[in-house]
Amino acid sequence: FFFGHMSGVNMMSVSLDEEVTRSPLPRLLVATISCLAIGVGLYLGTAATHSPSQRLSVQPLVRPVPPLPQAAGAPHTAPNGFRLANFRAAPERSLQTASKEPFPLPYQTPAGTSQASPVWSPVGKLAILGTLGLALGAIAAWWNSAVNRQSGELAMLTTTGQSTSKAGSKKENTSGKSVPKGEVWEVDFCSRPLVDARGKRVWEIMICNPERTFEFAQYIPNNKVNSQTLKIAVDKLLEQKGAERPTSIRFFRGQMTTIITKAFRELNLKVAPSRRCFTMMNWLEERMIEVYQQDPRFDANISLAGSLRGPVNVPPKKLPDALRGETWDFVQLPLSMVLEETKPVLAGKTFGSSFDLKNAGCGDMSPDTMIPGIVVFSRRGKALAAWTASLEIAAVTVDENLKSVLLETGFNDKWFYGAWADKSLVAEGKKWEQAKLQTRGLHFMAVQEKDGGEVDGFWLLMKRDAPEV
């Protein structure tokens, strides 16, 4: 029984840790093996119920009809006691002339013999107990796995707010940032350049706010990559004392849309696909050097492969009329003035969006650094700014081949935002793009009334590639 129980536990545990995500094949295989084992065990147990000597001593349960007395000239009687002649050959015969010995009832044991009583042999007992142990072990393992899955106790490689380094002595202490803060979260759920004991890539859930006053990181085995795992992790975060519930969730990997969207919508949280996850991207690049490369499981050969990198190139689309300005121009402003323009945005007095330069990797820029930008003029400046605020604007780029200014939003959307016919603007657009490279992609877009009044909308933007992890 003990051997069968342990075998069942091991078989079911192995099946539950199989690499096939959302596949019932391992469980069906174990269930089939268990059923076959039960059948074989029951067969062996029942087959061993009687010993060979007892089976030989068992007599037929129904005896043949005893021979009837024969009168003179009566027909011949066969050796087995049955008459060969027709019953009408002796019509005078009555039941009183038959043998006085009572006719045996069905299943009656003949006199002088003993019916064999069922006796469970040691082999039968072991077979039955071993089979029951196998079945109970499999059920216990399955039940334990189901309970752990529901409670979020994920197996293998789980860290919360800290990561183990190569020697196990260096840890990233983020315990003071483990409580959720802020209205906006940036989320990433992707594989990392780490290989577990099974030779499979390790996945990780990372969540932070743009200010990085809240950080969360948790490793996940790749057979737990689903929306339920992410939902359980977020549920635990929000259950903490002092946790603030966000109003918007940003994520930049379009390949993970289904899992991330389903998990957060079940929690009634708004999801916004966006490349404005500048803090998350910078944090990932930091962890690549400080955490992943120091981990003994790091594999440089897979650091770039299959990392679900960045948006794919798509052709630009026509801009909706509600988002179209009347005129536009290339401009430049010192960083100090740019930051002044973001203050009304952060105070909620002006449409637009901003982010923390330090957490985006631009904190060391001089206030005198000239930041390139584009200004859009319109007689309906406030309405245009309000419509523009509905987009998750990531960057403004110049396409020399199309002779157009493109607005980049969401994962990989591009819109025709402005065009020119003057060839002199081609050179100006090229210089503007070169200026962006010198500011690490940092630039801005402003919307204001055509007569040069106050700014109605201001967006601090950054053009950058997705991290290589």
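Positions are given from 1, in the same order as the sequence printed here. These numbers come from a predicted model, not from an experiment.
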Find the distance between [atom1] ([X]) and [atom2] ([Y]) and round it off to the nearest 0.5 Å.
X      : Y      : atom1 : atom2 : value
Met445 : Leu460 : CE    : CG    : 11.5 Å
Ile371 : Lys436 : CD1   : NZ    : 12.0 Å
Leu402 : Trp420 : CG    : CH2   : 9.0 Å
Glu244 : Trp185 : CD    : CH2   : 10.0 Å
Tyr417 : Thr397 : OH    : OG1   : 13.0 Å

- Task: Please confirm whether the backbone N or O of Leu442 pairs with a side-chain atom of Thr439, one donor and one acceptor, at under 3.5 Å?
- Result: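 Yes.
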Would you mind checking if [Y] and [X] are paired as a salt bridge, meaning a charged N to carboxylate O distance below 4.0 Å?
X      : Y      : answer
Glu428 : Lys431 : no
Glu286 : Arg212 : yes
Arg464 : Glu285 : yes
Arg440 : Asp364 : yes
Arg287 : Glu204 : yes
Lys463 : Glu408 : yes
Asp196 : Arg297 : no

- Is the Trp432 ring parallel, tilted or perpendicular to the Phe330 ring (thresholds 30°, 60°)?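 It falls in the tilted class, 30° to 60°.
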At their closest point, which heavy atom of [X] faces which heavy atom of [Y], and how far apart are they?
X      : Y      : answer
His443 : Ala395 : NE2-CA, 3.6 Å
Phe278 : Ala394 : CZ-O, 4.1 Å
Phe251 : Thr261 : CZ-OG1, 4.0 Å
Ser274 : Phe411 : N-CE2, 4.2 Å

- Query: Would you find more than 12 non-hydrogen atoms of other residues, nucleotides or ligands less than 6.0 Å from Arg245 atom CZ?
  - Reply: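 Yes, CZ of Arg245 has more than 12 neighbouring heavy atoms, counting only those of other groups under 6.0 Å.
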- Item | Sole candidate of Met281, Glu186, Glu392 that passes side chain to side chain contact (heavy atoms under 4.5 Å, CB included) when paired with Phe252 |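 Exactly one candidate clears the test, Met281.
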- Message: Walk me through whether Trp387 and Arg324 qualify under side-chain contact (heavy atoms from CB on, under 4.5 Å).
- Response: CA-CA 10 Å; Trp387 278 103; Arg324 190 180 301 278; over 6 Å; no
- In sequence, state the C-alpha distance, the side-chain angles, and the governing distance for Asn226 and Thr229, and then conclude on side chain to side chain donor-acceptor pair (under 3.5 Å). CA-CA 6 Å; Asn226 53 59; Thr229 298; 3.0 Å; yes
- Query: Given the rule in the side chain to side chain donor-acceptor pair (under 3.5 Å) test, do Asn222 and Arg198 qualify, once you have shown the distances and angles that lead to the verdict?
  - Reply: CA-CA 11 Å; Asn222 65 346; Arg198 302 173 300 160; 3.2 Å; yes
- For Leu323 and Trp415, run side-chain contact (heavy atoms from CB on, under 4.5 Å): C-alpha distance rounded to whole Å, both residues' side-chain angles, the deciding distance at 0.1 Å, then the answer. CA-CA 10 Å; Leu323 298 172; Trp415 309 88; over 6 Å; no
